Protein chains: 2
Amino acid sequence: MVKQRVRGSTTGRPIMALLDLLGRRWVLRLVWEMRDEPRRFRELQDAIGASPTIVNARLADLREAKLVELDPESGYRLTALGGELLRLFLPLHIWSEKWAKVARPK
Amino acid sequence: MVKQRVRGSTTGRPIMALLDLLGRRWVLRLVWEMRDEPRRFRELQDAIGASPTIVNARLADLREAKLVELDPESGYRLTALGGELLRLFLPLHIWSEKWAKVARPK
DNA sequence: GGGACATGCTACATATTATGTAGTAAAATC
DNA sequence: GATTTTACTACATAATATGTAGCATGTCCC
């Protein structure tokens with residue numbers, strides 16, 4: 001699964017590449033599931049309820065992006081870089097509670 | 001396109017619903033393209049390079065989530081709520097530059 | 001009033017991506 | 001050496017996105 005360019009972008013600007021990566025199905029959920037501690041492949045699979053095929057593919061994307069790494073001892077975990085990204089996302093948790101009161105998304 | 005439940009989640013927790021919405025293809029890009037000013041349907045379509053079918057579907061998702069609204073005078077724009085979400089995302093812009101130096105994602 | 005244009009949006013055949021289920025291979029544990 | 005746990009792959013089916021064409025409404029302009 002080799003791609004020559006950033007999906008959906010001709011600019012190659014980092015923010016576009018990042019939004020593209022984060023916009024792939026299950027990527028945000030995977031990062032979220034790893035927020036507290038390392039998780040095993042099957043744990044992640046069960047937690048998000050996706051097929052092993054796609055869990056594996058997305059973990060590969062995240063590892064290539066240096067956001068996630070596999071520690072054989074403990075499982076998949078966020079890298080230092082991945083941890084930084086997660087911290088940027090943490091405010092979403094609180095905000096989502098407020099948002100849920102206004103909108104009821106499908 | 002009616003769904004009974006939040007995709008990929010049985011909990012219904014707001015953060016899961018939010019991550020699900022933001023994880024749909026083109027959603028993050030669409031929000032990003034509206035960051036500065038309202039954009040027309042075709043502008044958005046051209047900017048992100050997706051098909052009108054899916055642009056329309058994602059705009060519908062975003063409108064239903066009260067993050068985006070259509071002003072006939074100026075085009076699609078972020079709601080107050082959508083603006084709040086965007087502000088939470090702005091740090092990503094700077095961070096992505098740093099990230100790009102370390103990882104070269106496909 | 002009639003043509004040109006911009007608007008949001010739909011139709012639909014094709015291509016891409018995800019699912020669901022089964023299974024492989026290697027290492028650890030009993 | 002058999003069972004269990006581990007990451008991961010195969011592959012047929014289903015869901016989703018693409019690409020292209022076009023519709024319907026409104027406004028501008030002569």
Side-chain angles (χ1 to χ4, degrees), chain A residues 1-10 16 19-31 33-34 37-65 67-79 105-106, chain B residues 1-10 16 19-31 33-34 37-65 67-79 105-106:
Chain A
M1 196 231 272
V2 177
K3 292 194 179 177
Q4 302 312 316
R5 252 192 17 230
V6 170
R7 188 184 71 179
S9 173
T10 50
M16 297 303 179
L19 293 178
D20 172 59
L21 176 62
L22 299 181
R24 292 179 201 171
R25 200 167 178 182
W26 302 122
V27 164
L28 286 171
R29 273 297 304 275
L30 282 169
V31 170
E33 292 299 331
M34 285 179 255
E37 54 195 0
R39 309 292 297 271
R40 289 291 175 188
F41 187 94
R42 280 192 166 77
E43 278 187 288
L44 290 170
Q45 195 189 318
D46 292 347
I48 73 178
S51 67
T53 315
I54 206 64
V55 170
N56 190 43
R58 287 302 108 89
L59 284 173
D61 290 344
L62 284 166
R63 291 165 85 176
E64 189 174 18
L67 299 177
V68 164
E69 63 193 359
L70 173 56
D71 171 29
E73 303 304 309
S74 57
Y76 286 96
R77 67 183 177 199
L78 298 175
T79 61
K106 291 293 181 341
Chain B
M1 196 231 271
V2 177
K3 290 195 178 176
Q4 303 310 317
R5 250 190 21 227
V6 170
R7 188 185 70 178
S9 172
T10 51
M16 297 305 179
L19 293 179
D20 171 58
L21 176 62
L22 299 182
R24 292 178 202 171
R25 200 168 179 181
W26 302 121
V27 163
L28 287 172
R29 273 298 302 276
L30 282 170
V31 171
E33 292 298 331
M34 287 179 255
E37 55 195 0
R39 308 294 296 271
R40 290 291 174 187
F41 187 93
R42 281 191 165 78
E43 277 187 290
L44 290 170
Q45 196 189 315
D46 291 348
I48 72 177
S51 67
T53 316
I54 207 64
V55 170
N56 189 42
R58 287 302 110 85
L59 285 173
D61 291 343
L62 284 166
R63 291 165 84 176
E64 189 174 17
L67 299 177
V68 164
E69 65 194 357
L70 173 56
D71 171 28
E73 304 304 310
S74 57
Y76 285 96
R77 66 184 177 199
L78 298 176
T79 61
K106 292 294 178 347

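Everything numeric here is computed off the predicted structure, so don't read it as measured data. So that the names make sense, note that chain A is the first sequence line, chain B the second, and so on, each numbered from 1.
Counting heavy atoms from C-beta outward, A:Met34 and A:Leu59 have side chains that approach closer than 4.5 Å. The side-chain heavy atoms of A:Ile54 and A:Arg25, taken from C-beta on, include no pair separated by under 4.5 Å. In this structure the side chain of A:Val68 never reaches within 4.5 angstrom of the side chain of A:Leu30, judged on heavy atoms. For the pair A:Arg77 and A:Glu37, the minimum side-chain heavy-atom distance is 4.5 Å or more.
Nucleotide C:dG8 holds its P atom 11 Å from the CG atom of B:Asp71, rounded to whole Å. Between the CZ atom of A:Phe41 and the P atom of C:dA26 there is a distance of 17 Å, rounded to whole Å. Between A:Arg24 atom CZ and D:dT16 atom P there is a gap of 19 Å when expressed in whole angstrom units. Rounded to whole angstrom, the span from the CD atom of B:Glu69 across to the C1' atom of C:dG8 amounts to 16 Å. For B:Asp46 and C:dT7, the CG to C1' distance is 13 Å, given to the nearest whole Å. A straight line from CZ of B:Arg29 to P of D:dT18 spans 12 Å, rounded to a whole angstrom. Rounded to an integer number of Å, the gap from CG of B:Leu70 to C1' of C:dT7 is 10 Å. Whole-Å rounding puts the B:Leu59 CG to C:dT10 C1' distance at 14 Å.
Side-chain proximity of A:Thr53 to C:dG8, D:dA10, D:dT18: nearest is D:dA10. Closest to the side chain of B:Arg42, from the set C:dT21, C:dT7, D:dA7, is C:dT7. When distances run from any side-chain atom of B:Pro52 to the nucleotides D:dA17, D:dA21, D:dA7, the shortest one goes to D:dA21. Checking D:dA17, D:dT20, C:dA22 against every side-chain atom of B:Ile54, the shortest atom distance belongs to D:dA17.
Under 4.0 angstrom from either OP1 or OP2 of C:dT10 there lies at least one side-chain N or O belonging to B:Asn56. For A:Trp26 and C:dT17, the shortest distance from a side-chain N or O to OP1 or OP2 is not below 4.0 Å. Contact between the side-chain N/O atoms of A:Arg58 and the OP1/OP2 oxygens of C:dA18 is found at a separation under 4.0 Å. Residue A:Arg40 places at least one side-chain N or O under 4.0 Å from the OP1 or OP2 atom of D:dA7.
In this structure, A:Arg39 reaches neither bases nor backbone, as no heavy-atom distance under 4.0 Å exists between it and the strands shown.
Each of B:Leu21, B:Leu28, B:Leu22 was compared with B:Arg24 under the side-chain contact (heavy atoms from CB on, under 4.5 Å) criterion, and only B:Leu21 meets it.
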